[in-house]
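What follows is one structure encoded as structure tokens, with my remarks underneath.
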Amino acid sequence: MLDPRLFRADPDFIRKQLSRRSFDFNSRYYAELEARRKDIQVKTQDLQNERNKRSKLIGQAKAKGEDIQPLLDQVQHMANQLKEAEMELSEIQAKMTGLMEGIPNILDGSVPDGKNEEANIEISRWGESPAFDFEAKDHVDLGARNKRMDFELGAKIAGARFIVLNGALARLQRALIQLMLDTHVSEHGYSETYVPFLVNADSLRGTGQLPKFEADLFKANEDPALYLIPTAEVPVTNMVRDVIIDAKDLPLKLVCHSPCFRSEAGAYGRDMRGMIRQHQFEKVELVQIVRPEESGRAHEELTEHAEVILKKLKLPYRKMLLCAGDTGFSSSKTYDLEVWLPGQGAYREISSCSNFKDFQARRLQARWRNPETGKPELVHTLNGSGLAAGRTLIAVMENYQDAQGQIHIPEALISYMGGIEVIE
RNA sequence: GGAGAGGUGGCUGAGCGGCCGAAAGCGGCGGUCUUGAAAACCGUUGAGGGUUGAUCCCCUCCCAGGGUUCGAAUCCCUGCCUCUCCGCCA
């Protein structure tokens with residue numbers, strides 16, 4: 001959510017900023033609501049004040065043993081008037097909250113213009129794509145051997161976009177997760193955390209998935225509403241919801257491995273081959289809660305932490321700065337890391353690292369006590385995949401294949417694989 | 001799943017339906033004292049919002065949502081959460 005004070009101070013600035021995302025902000029409608037809100041709020045508070053005063057008088061009169069009937073008569077009719085005003089106020093407040101919750105974050109000044117991923121900017125490129133003297137297979141063909149990667153079985157048990165991994169491939173995915181967690185904990189200073197994989201609506205509203213993107217989620221329960229997490233970002237970031245954090249506890253750096261569940265509504269027919277786009281996948285997520293002035297630097301740092309994993313695995317990748325049209329709803333600035341997939345002959349997203357600034361924090365009421373002002377102020381939140389394990393598995397398979405279709409285990413993983421060096 | 005107890009400020013913990021945003025203690029902050037620290041003493045110390053140039057002032061918040069009442073932390077209903085006992089379990 002954006003700062004309501006900014007709306008009042010400079011609605012035109014907001015309209016202009018949001019138009020970069022092709023988001024049409026109706027500043028006239030907003031101003032209308034705001035004017036009415038002000039009016040009704042003042043009226044309501046006046047009535048409340050009046051009621052409080054008179055009620056106190058009744059109390060005092062009663063204590064002195066005076067006749068309170070005349071006073072009661074005066075107040076009687078106020079009740080309805082007040083109730084009406086209160087209802088009107090809460091109605092308009094709900095309307096405004098609804099409007100505000102549907103407005104995306106303002107983009108960082110460094111985010112380039114552009115409508116879609118074609119306008120994203122390549123920041124850097126790392127590693128050499130492997131030079132095969134044979135035709136590179138994709139992970140589907142590579143995984144078919146011994147049914148280590150079984151799409152039919154996944155479909156039978158659950159449906160399309162589900163997969164079963166067997167034997168060495170299942171272990172390889174686990175090894176990747178271990179490597180990631182260990183690296184972020186021991187080398188990058190994150191503390192590991194384990195969280196619920198089902199979350200309530202408040203949590204999803206806090207990080208921005210609700211109310212606008214309910215269709216992307218799997219709802220697991222009605223009353224109370226529970227949803228499968230689309231990313232560990234949701235439970236982990238919500239750890240600081242409604243919390244005033246001690247300045248000495250910042251920055252908070254958390255790493256969490258979790259399964260992620262996405263309905264992929266609106267992705268019908270896209271990436272149907274292989275395990276690029278699944279309803280369920282494993283991911284290691286990095287989350288940072290920082291002082292506002294730190295978030296720019298933290299964003300660079302967090303992205304580098306994700307890059308370290310790719311470097312350890314010697315997987316070629318490039319770092320992209322997303323353009324205005326491709327940057328997510330809650331994010332102010334996002335870097336995507338795209339790994340090279342020889343089987344597809346393309347770079348594909350394997351990590352997305354975002355700075356949300358105070359957008360999530362305002363929804364979450366996640367604050368810290370600024371020692372300089374002594375007041376609670378909003379923190380900044382960031383997160384990024386470090387990395388998506390399923391897609392990393394694919395990348396390892398495709399980049400480390402040989403002419404026979406065997407997978408060679410990257411050096412960094414051999415100890416996690418119990419010494420196995422090749423998946424035959 | 002069954003039975004009971006309870007949810008109050010950073011924490012502990014009081015609170016006859018009216019003068020309670022809330023006693024007291026602890027903690028925090030500021031000060032006195034001290035070479036410094038501790039102790040002691042004095043003062044101060046919740047959040048959000050409205051209005052204002054800024055104060056003043058006003059409103060809301062004692063788990064959440066409804067209700068009763070002129071007036072609710074206090075009474076009633078519903079929900080959520082926590083604790084204890086029994087059952088069942090990983």
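We use all heavy atoms of the structure for the numbers below, so side chains are in, but hydrogens, waters and symmetry mates are not. All of these numbers come straight from a predicted model, not from anything done at the bench. Each chain gets a letter, A, B and so on, in the order its sequence line appears, and its residues count up from 1.
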Look at the side-chain N and O atoms of [X] and state whether any lies under 4.0 Å from the OP1 or OP2 oxygen of [N].
| X | N | value |
| --- | --- | --- |
| A/R369 | B/A47 | yes |
| A/R367 | B/G48 | yes |
| A/R8 | B/G50 | yes |
| A/K43 | B/C59 | no |
| A/R51 | B/U60 | yes |
| A/N52 | B/C58 | no |

Would A/R363 and A/E101 pass as an ion pair if we require N to O under 4.0 Å?
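Result for this pair is no, no salt bridge flagged.
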Counterpart base for [N], defined by Watson-Crick or G-U wobble contacts under 3.5 Å:
| N | answer |
| --- | --- |
| B/C83 | B/G4 |
| B/G46 | B/C61 |
| B/A54 | none |

Over how many whole Å does the gap from A/Q45 atom CD to B/G50 atom C1' extend?
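Rounded to the whole Å, the gap is 4 Å.
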With sugar-phosphate meaning primed atoms plus P, OP1 and OP2, does A/K38 contact a base, only sugar-phosphate, or nothing at under 4.0 Å between heavy atoms?
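A/K38: backbone/sugar contact only, no base atoms under 4.0 Å.
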Check the pair A/H279 / A/F162 against ring-ring contact (aromatic ring centres under 6.0 Å, His included), numbers first and verdict last.
CA-CA 6 Å; A/H279 285 312; A/F162 285 95; 5.2 Å; yes
Given the [atom1] atoms of [N] and [M], what is the spacing between them in whole Å?
| N | M | atom1 | answer |
| --- | --- | --- | --- |
| B/U8 | B/G43 | P | 29 Å |
| B/G6 | B/A72 | P | 24 Å |
| B/A39 | B/G27 | P | 8 Å |
| B/C56 | B/G18 | P | 29 Å |

Out of the candidates A/D138, A/D271, A/D336, only one should pair with A/R348 under the salt bridge (Lys or Arg N to Asp or Glu O under 4.0 Å) rule; please name it.
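Considering A/D138, A/D271, A/D336, a salt bridge (Lys or Arg N to Asp or Glu O under 4.0 Å) with A/R348 is found only for A/D271.
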